[in-house]
There are 2 protein chains.
Amino acid sequence: MPPQKTTFENLDQSKRERIMIEATKEFAEYGFHQASVNRMVNRLGIAKGSLFKYFGTKQGILEYVFGHAVTMLKAPLKQIRLETEGGDLFERVRQVTLAGADFIEAHPNIYRIYLKMLLQENFPMRERFLTRIRATSGKFLHSLVQEAMESGQLRSDIDTDMAVYLLDTTVDRFLQSVAVPFLDGDSILHGADRQTIETRLDSLLDLLRHGLSGIPKT
Amino acid sequence: MPPQKTTFENLDQSKRERIMIEATKEFAEYGFHQASVNRMVNRLGIAKGSLFKYFGTKQGILEYVFGHAVTMLKAPLKQIRLETEGGDLFERVRQVTLAGADFIEAHPNIYRIYLKMLLQENFPMRERFLTRIRATSGKFLHSLVQEAMESGQLRSDIDTDMAVYLLDTTVDRFLQSVAVPFLDGDSILHGADRQTIETRLDSLLDLLRHGLSGIPKT
DNA sequence: ATGTATAGTGACCGGGTGGTCATTCGCTAT
DNA sequence: ATAGCGAATGACCACCCGGTCACTATACAT
């Protein structure tokens, strides 16, 4: 039995896009529970019944919109992994981070939804979506570190798990700092332009590479 | 004119405490908008009108409860700064992080409110509270780095702002990772006991101190 | 012109919300 | 006993919510 098309999928593309954009905006601004279907349909100029015909429930709208976006995450990561194969770990991490910045710039509202989901236990689909995202980005970094370890780019005595953790969280937090105020202490990142982002990132990666200490390891 | 006591401040301490605890729990579980005053009063067994007499509005409840907690943050930080004066930077950072872990263990619901506030632009009082908190912890770390810099504990060529940023966000994220699932890639921190926390933290600080690279800086 | 399938509609429902206020309660001083 | 007063009450209000469904509009095949 071929999957029969939903009402929503029969709409012309322009209408579908308008609805997706407006719904994404609403969830990005208000999170899930505060988001209002009434507001969505008012801004779209369509009847409330229509939206429920398309997606069943409010949660269904979120699942469709966000699920779609999560799928788009994998492609650029895979590409980077292939393009930079065998290269320097920190250069690869740099590429990943900048790819993240590109994604956020291209889909800022999707990223806002992700951030709200992160720290709100009540957010529907939280566990499912976050698991998917973490699996994607976590496994990726893990393999990068593994390869770097094997090619002797890293100190042999380090705790691999902690190294992955440090890189993972640093990248994640770096992107958050650019997008959200109050996360970088002196606001040296929030809202920065591309040029500044790259400079700061290089500086940060240098610290990770060589450490902060002025005293050589004995 | 002496500040005249509010109705709430005239209550006996046990009742005041019960109310504070219950309100904190409600906000911690549901955030601000989803939190329900009806639920609070039902669980407390008091009339809804009473709560509004005490605090005026729902937001007033939050301000009272959370504002009180934020004030308590400063004392332990100041103490650590004094007790460890002149000591090794990383040891001082270690102390601060563990103090943070202690605070979270003692006031888990306050920390949950803080986390929800962090990434929700609609949260009332967000800007005011976050500014206060960041000012407290940010300036603190800044002074630690400054002192370490002057006593030659750090490489002289590093970007001070980025060093502060790296330490600040690493500590912050470390605590988040312990408290929240999905933030540490392979769940090596979430829900860990004190012993594990200390071991991991030492490992992490070692990475920050000496860097990840196996190739010495030229 | 008629039938059929699909898309679109919006008044309506039950329920929860933050907030109000006229009233009652409980204690203390006289 | 009684007067006075702050604490406590809960029915009530206007509002907004997600979701429903009987109905209409449109397009195409016959």
Side-chain angles (χ1 to χ4, degrees), chain A residues 2-20 22-27 29-66 113 116 120 122-125, chain B residues 2-20 22-27 29-66 113 116 120 122-125:
Chain A
Q4 72 177 6
K5 289 206 174 188
T6 65
T7 301
F8 182 68
E9 281 157 345
N10 282 332
L11 271 40
D12 24 79
Q13 193 186 337
S14 71
K15 184 168 184 178
R16 276 203 322 261
E17 277 178 1
R18 249 171 46 79
I19 290 173
M20 299 269 289
E22 210 62 53
T24 307
K25 217 189 286 181
E26 179 73 14
F27 285 125
E29 183 158 359
Y30 295 102
F32 179 75
H33 295 284
Q34 278 265 105
S36 157
V37 180
N38 290 328
R39 259 196 308 255
M40 292 184 205
V41 297
N42 283 341
R43 285 201 287 200
L44 283 165
I46 66 176
K48 177 149 55 155
S50 299
L51 259 201
F52 282 94
K53 273 257 166 62
Y54 304 156
F55 303 106
T57 62
K58 181 176 160 184
Q59 182 173 325
I61 307 174
L62 177 72
E63 285 182 36
Y64 191 92
V65 165
F66 196 73
I113 297 176
K116 295 207 160 122
Q120 272 219 302
N122 288 327
F123 215 106
M125 313 286 300
Chain B
Q4 71 179 4
K5 288 206 175 190
T6 66
T7 300
F8 181 68
E9 281 158 345
N10 281 334
L11 271 40
D12 27 79
Q13 192 186 337
S14 72
K15 184 167 186 180
R16 279 204 318 261
E17 276 177 3
R18 248 169 48 80
I19 291 173
M20 300 268 290
E22 209 63 53
T24 308
K25 217 189 286 182
E26 178 73 15
F27 285 125
E29 183 158 358
Y30 295 101
F32 179 75
H33 296 284
Q34 279 265 105
S36 158
V37 180
N38 290 330
R39 258 194 309 255
M40 292 185 205
V41 297
N42 284 342
R43 284 201 288 201
L44 283 167
I46 65 175
K48 177 147 56 154
S50 298
L51 261 199
F52 282 93
K53 273 260 165 57
Y54 302 157
F55 304 106
T57 62
K58 182 176 161 183
Q59 181 172 327
I61 307 175
L62 176 73
E63 286 182 34
Y64 191 92
V65 164
F66 196 74
I113 296 176
K116 295 208 159 120
Q120 273 220 304
N122 288 327
F123 214 104
M125 312 288 299

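A quick note: this is a predicted structure, and the numbers were derived from the prediction, not measured. Chain letters run A, B, ... following the sequence lines, proteins first and then strands; every chain starts at 1. The analysis underlying the following values was restricted to heavy atoms, covering all of them including side chains, and did not include hydrogens, waters or symmetry mates.
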- Partners of A:Arg18 by side-chain contact (heavy atoms from CB on, under 4.5 Å), sequence neighbours excluded?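 Residues passing side-chain contact (heavy atoms from CB on, under 4.5 Å) with A:Arg18: A:Leu44.
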- Task: Just do the ring-ring contact (aromatic ring centres under 6.0 Å, His included) check on A:Phe66 and A:Phe27 with the steps written out, would you?
- Result: CA-CA 10 Å; A:Phe66 196 73; A:Phe27 285 125; 9.5 Å; no
Nearest-Å distance for atom pair [atom1]/[atom2], residues [X] and [N]:
X: B:Arg16; N: D:dA7; atom1: CZ; atom2: P; value: 13 Å
X: B:Gln34; N: D:dC16; atom1: CD; atom2: P; value: 18 Å
X: A:Asn10; N: C:dA5; atom1: CG; atom2: P; value: 15 Å
X: B:His33; N: D:dC16; atom1: NE2; atom2: P; value: 15 Å
X: A:Phe52; N: D:dG19; atom1: CZ; atom2: C1'; value: 5 Å
X: A:Asp12; N: D:dT26; atom1: CG; atom2: P; value: 16 Å
X: A:Leu62; N: D:dG19; atom1: CG; atom2: P; value: 12 Å
X: A:Phe8; N: C:dT6; atom1: CZ; atom2: P; value: 18 Å

Under 3.5 Å, which donor-acceptor pairs do the side chains of residues 45-57 of chain B form with other protein atoms, sequence neighbours left out?
unit_1  : atom_1 : unit_2  : atom_2 : d
B:Lys48 : NZ     : B:Asn38 : OD1    : 2.8
B:Thr57 : OG1    : B:Gln59 : N      : 3.4
B:Thr57 : OG1    : B:Gly60 : N      : 3.0

- Task: Report yes or no: is the cationic atom of A:Lys116 (NZ for Lys, CZ for Arg) closer than 6.0 Å to the six-membered ring centre of A:Phe32, at no more than 45° off its axis?
- Result: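 Pair A:Lys116/A:Phe32 does not count as cation-pi.
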- Item | Nearest heavy-atom neighbours spanning B:Val65 and B:Ala23 |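 B:Val65 and B:Ala23 have their closest heavy atoms at CG2-CB, 4.2 Å.
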- Could you list by number each residue of residues 36-44 of chain B showing a heavy-atom separation from DNA chain C of less than 4.0 Å, or answer none if no residue does?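 Heavy-atom contacts with DNA chain C come from B:Ser36, B:Val37, B:Asn38.
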- Is the shortest side-chain N/O distance from A:Tyr54 to OP1 or OP2 of C:dG8 below 4.0 Å?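 True: A:Tyr54 side-chain N/O within range (under 4.0 Å) of C:dG8 OP1/OP2.
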- Message: Less than 4.0 angstrom between a side-chain N/O of B:Thr7 and OP1 or OP2 of D:dA7, yes or no?
- Response: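 Yes, within the criterion.
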- Can you name the residues that form a side-chain hydrogen bond (donor to acceptor under 3.5 Å, both in side chains) with A:Glu29, not counting sequence neighbours?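 Expected list: none.
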- Task: Using salt bridge (Lys or Arg N to Asp or Glu O under 4.0 Å) as the criterion, list what pairs up with A:Lys25, not counting sequence neighbours.
- Result: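 For A:Lys25, the residues satisfying salt bridge (Lys or Arg N to Asp or Glu O under 4.0 Å) (neighbours in sequence not counted) are A:Glu22.
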Distances under 3.5 Å between nitrogen or oxygen atoms of protein and nucleotides 9-15 of chain C:
unit_1 : atom_1 : unit_2  : atom_2 : d
C:dT9  : OP2    : A:Ala47 : N      : 3.1
C:dT9  : OP2    : A:Ser50 : OG     : 3.4

- Among the nucleotides C:dG8, C:dG18, D:dG19, which one has an atom lying closest to any side-chain atom of A:Leu11?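 My answer, after comparing the listed nucleotides, is C:dG8.
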- So how far is it from A:Arg43 CZ to A:Ile19 CD1, rounded to the nearest 0.5 Å?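 Spacing of CZ (A:Arg43) from CD1 (A:Ile19) equals 13.5 Å.
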- Message: Counting C-beta onward and ignoring hydrogens, is there a side-chain heavy-atom pair between B:His33 and A:His33 closer than 4.5 Å?
- Response: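 No, too far: nothing below the 4.5 Å cut-off.
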